[in-house]
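Report on the structure given below.
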Amino acid sequence: MIRNLSAPGKLLPRSFYETRPELVAPRLLGKVLIHRAGAAMMAGRIVEAEAYLGPHNEPPDPAAHSHRGPTPRNLVLFGLPGHAYVYSIYGMYFCLNISCEKKGQAGCVLLRALEPIAGLEQMAANRGVADGAARSNGFAKRLTSGPSRLCQALGVLRTSHNGLDVTRANSPLQVRDDGFSVEEAVATARIGINETNAAVDWPLRFAVPGNPCVSGPKNLKGKRVPIP
DNA sequence: GTGATGATCTTCT
DNA sequence: GAAGATCATCACG
């Protein structure tokens, strides 16, 4: 039982997000995503993230939701950086992004996997994990290794979380720096980008090398890069 | 371990 | 009307 509800470390300021997504994504590795829901607090360390570039970028990123300009769905991305963009995918799931770059430039970072830190019982309940499974080996990994899994585990919904400012101390959704430092990242192509898409090979997916909570196959074929 | 398949619905064309 | 930044489950090796 987690009695101390104080969040660890310090809140990341808006300036952290006010730059290009391909810089923000690797820098977010090792930071802590926190969701407070009533008396419950759930937290996980970000171990995988993908950058999606805004339409002003050269060349533009055809895989990004924002690449055809603002629509009612993606409006959050064109606003101030440091806001949550939550959308529903395949009818049944949600994905959580954080808007980047200054107002009017719609870059963002998709959070793809966390390493659970706090509130694991609540996460398991949110995901409907049975007691037996919750005690089995590798259960923590299956809670949050995937963009929609982590939304389910933290209880992030489009209706209540889209557009939230993650840089405010009283926000239910925050990203904090607790001093944990990641030395380097693995950069690979993004997941789920069709080969008909010109951006299929862009190395904009960043993960913590060797971390068991990273989604997908274990050996990432990508190259090691320093954190920019 | 990998690979195929179905569930399900919002969004934009 | 089609596609989609996905996941659980099942078959098979």
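Everything quoted here is computed from the prediction, not taken from an experiment. Chain naming here is simple, since letters A, B, ... match the order of the sequence lines and numbering starts at 1 in each.
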Polar atom pairs (N or O), protein with nucleotides 11-13 of chain B, under 3.5 Å:
| residue | atom | partner | partner atom | Å |
| --- | --- | --- | --- | --- |
| B:dC12 | OP1 | A:Thr71 | OG1 | 2.3 |

Expressed as a whole number of angstroms, how long is the span from A:Ile193:CD1 to C:dT6:C1'?
13 Å

Once salt bridge (charged side-chain N to carboxylate O under 4.0 Å, His left out) is applied, do any residues pair with A:Glu101, and if so which ones, sequence neighbours excluded?
none

Nearest-angstrom distance from the residue atom CG of A:Leu53 to P of C:dA5:
15 Å

Find the distance A:Leu110:CG to C:dA5:P and express it as a whole number of Å.
10 Å

Centroid distance below 5.5 Å plus an interplanar angle below 30 degrees: do A:Tyr90 and C:dG4 meet both conditions?
no

Is there any salt bridge (Lys or Arg N to Asp or Glu O under 4.0 Å) pair reaching into residues 55-81 of chain A, and which pairs are they, with sequence neighbours excluded?
A:Asp61-A:Arg190

The complete set of salt bridge (Lys or Arg N to Asp or Glu O under 4.0 Å) pairs with one or both residues in residues 162-172 of chain A, sequence neighbours excluded, reads A:Arg14-A:Asp165

Selection residues 106-125 of chain A - residue pairs positive for ring pair (Phe, Tyr, Trp, His ring centres under 6.0 Å), sequence neighbours left out:
none

Between B:dT8 (P) and A:Phe94 (CZ): distance, integer Å:
15 Å

In whole angstroms, how far is the P atom of C:dA5 from the CD atom of A:Glu48?
16 Å

Please list all pairs passing the side chain to side chain donor-acceptor pair (under 3.5 Å) test where one or both residues lie in residues 145-157 of chain A, with sequence neighbours left out.
A:Arg127-A:Gln152, A:Ser145-A:Arg149

Go ahead and write out DNA chain B as dot-bracket, 5' to 3': ( ) for pairs within the strand, [ ] for ones crossing earlier pairs, | when the partner sits on another strand, dots for unpaired; Watson-Crick or G-U wobble, both distances under 3.5 Å.
|||||||.||||.

Residues forming a salt bridge (charged side-chain N to carboxylate O under 4.0 Å, His left out) with A:Glu22, sequence neighbours excluded
A:Arg20

Transitive ILVMFWY cluster of A:Trp202, excluding itself - 4.5 Å side-chain cut-off
A:Leu53, A:Leu204

Distances under 3.5 Å between protein N/O atoms and the N/O atoms of nucleotides 7-9 of chain C, please, pair by pair.
| residue | atom | partner | partner atom | Å |
| --- | --- | --- | --- | --- |
| C:dC7 | OP1 | A:Pro147 | N | 3.2 |
| C:dC7 | OP1 | A:Ser148 | N | 3.1 |
| C:dC7 | OP1 | A:Arg149 | N | 3.3 |
| C:dC7 | O4' | A:Tyr93 | OH | 3.1 |
| C:dA8 | OP1 | A:Arg127 | NH1 | 2.9 |
| C:dA8 | OP1 | A:Arg127 | NH2 | 2.8 |
| C:dA8 | OP2 | A:Arg149 | NE | 2.9 |
| C:dA8 | OP2 | A:Arg149 | NH2 | 2.5 |

Whole angstroms only, please: what is the CG-P distance between A:Leu157 and B:dC9?
15 Å

What integer distance in Å separates A:Tyr52:OH from C:dG4:P?
12 Å

Distance flag, aromatic centroids of A:His65 and A:Tyr52, threshold under 6.0 Å
no

Listing request: all ring pair (Phe, Tyr, Trp, His ring centres under 6.0 Å) pairs with a residue in residues 26-46 of chain A, at least two apart in sequence or in separate chains.
A:His35-A:His161

Less than 4.0 Å between a side-chain N and a carboxylate O, is that true for A:Lys102 and A:Glu18?
no

Those residues that, when tested against A:Glu183, pass salt bridge (charged side-chain N to carboxylate O under 4.0 Å, His left out) (two or more places apart):
none

Round to a whole Å and report the spacing from CG of A:Asn162 to P of B:dT10.
14 Å

